[in-house]
Amino acid sequence: MELLIIAMLVFGAAVASDTEGNQVTGGSFCLFRSRPYQVVLLRNGRIYCGGSLIAPKWVLTAAHCGRRVRRISSLWVHLGDYKLPAKEGTEQIRRIHNFFMHPGYNLYPRDNDFMLLELDEPAQLNNYENTINMTTHCPSPGTRCSVSGWGTIKSPQRWFPATMQCADVYSVSQARCQDSYRGRITDNTLCAGVEQGGIVTCQGNSGGPLVCNGQLQSVVSWGESVCALPGQPGIYAKVCKAVQ
């Protein structure tokens, strides 16, 4: 069953407990300052989508994030966050001045799932907030990549962590991706996960980054309603197909 609210990380189906400092099954807390490009979009103080800072005034996220809110100006863009809703004194908060969906975006099948957000003021770049370069080359199968964000760490239940989570996933060949999701994969989408399951994109933060070899490779797009099952990798929009 295709998920309509889409998608962030799940780092396994369970956690040891909800106390701060316990490790998440299949993933772990990100190192502080290790993802300065990571952006989170909040609506009414709650996680709405993720994104990546690609220039001081520009964020790349998923197009379907724009479809799910009537007034995109109601979103707050947080840069430099690590714990939510705690204030570390490192974050910068911006509003959205304008947005641009990819002209080839289609909902069914979800294709060209990209949206650019123009911030009302440029980010002040430092060790906590910085840009990431976009790739121009698509990854070969088996490429090690990383995902990050504040999405649910349990599925099918939803449990959103306060601290940013990180995990490694691996790109999957287009043929295997097609076998897993027949009729729903286009040339502009990429599968990534782990063969045994336990780490994959899930509900909570669409538009977040998939980073391979230090460059932004893809944008979190969609996945199944029950996350992290074996043979069901997460689906991402390929930056290499849209960067030009």
Side-chain angles (χ1 to χ4, degrees), residues 3-13 15 18 20 24 26-30 32 34-53 59-88 90-96 99 110 113-115 117 119 123 128-129 132 146-167 199-211 216 218-228 234-237:
L3 194 64
L4 297 180
I5 314 177
I6 321 299
M8 197 45 227
L9 310 179
V10 65
F11 298 99
V15 291
D18 60 354
E20 189 70 32
V24 181
S28 61
F29 299 135
C30 298
F32 187 53
S34 66
R35 303 295 190 276
Y37 51 82
Q38 176 80 49
V39 170
V40 60
L41 309 180
L42 300 181
R43 186 184 186 196
N44 298 325
R46 296 184 179 182
I47 292 175
Y48 182 76
C49 274
S52 302
L53 188 68
V59 168
L60 181 63
T61 186
H64 73 265
C65 292
R67 291 189 74 259
R68 292 193 290 116
V69 62
R70 291 183 179 180
R71 295 184 61 191
I72 201 165
S73 60
S74 66
L75 301 178
W76 293 89
V77 182
H78 282 232
L79 307 95
D81 261 322
Y82 181 64
K83 292 185 179 182
L84 298 174
K87 302 297 183 184
E88 294 90 28
T90 60
E91 58 278 301
Q92 297 176 31
I93 301 174
R94 300 288 187 269
R95 301 305 296 263
I96 298 170
F99 69 98
R110 188 162 288 157
D113 195 8
F114 298 104
M115 180 169 61
L117 305 179
L119 305 180
Y128 306 101
E129 297 96 350
I132 185 169
S146 69
V147 284
S148 55
W150 293 266
T152 181
I153 55 176
K154 297 188 73 174
S155 180
Q157 303 87 1
R158 297 184 185 183
W159 186 355
F160 299 97
T163 304
M164 188 194 302
Q165 304 284 300
C166 287
I199 306 175
V200 74
T201 53
C202 194
Q203 298 95 343
N205 205 2
S206 301
L210 175 77
V211 175
L216 182 62
S218 295
V219 171
V220 176
S221 185
W222 62 274
E224 298 289 9
S225 56
V226 178
C227 307
I235 312 300
Y236 303 81

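Rounding to the nearest 0.5 angstrom, the gap separating the OG atom in S218 from the CG atom in D113 is 11.0 Å. Between L210 atom CG and I235 atom CD1 the span is 11.5 Å, to the nearest 0.5 Å. Between F99 atom CZ and L117 atom CG the span is 9.0 Å, to the nearest 0.5 Å. Put simply, CG on D81 and NZ on K87 are 6.0 Å apart, with the number rounded to the nearest 0.5 Å.
For R43, the side-chain contact (heavy atoms from CB on, under 4.5 Å) test picks out Y48, V69, S74, L75, with sequence neighbours left out. Residues passing the side-chain contact (heavy atoms from CB on, under 4.5 Å) test with T90, sequence neighbours excluded: F32, E88, Y128. Applying the side chain to side chain donor-acceptor pair (under 3.5 Å) criterion to Y82, with sequence neighbours excluded, gives no partner residue. Q92 is linked by a side chain to side chain donor-acceptor pair (under 3.5 Å) to R94, E129, counting only residues two or more places apart in sequence or in another chain.
Using a 4.5 Å heavy-atom threshold, the side chains of L216 and Y37 count as separate. For the pair F29 and Q165, the minimum side-chain heavy-atom distance is below 4.5 Å.
S148 pairs with exactly one of P209, S34, S52 by the side chain to side chain contact (heavy atoms under 4.5 Å, CB included) rule, that one being P209.
The two atoms that bring V59 and G51 nearest to each other are CG1-CA, 4.1 Å, heavy atoms only.
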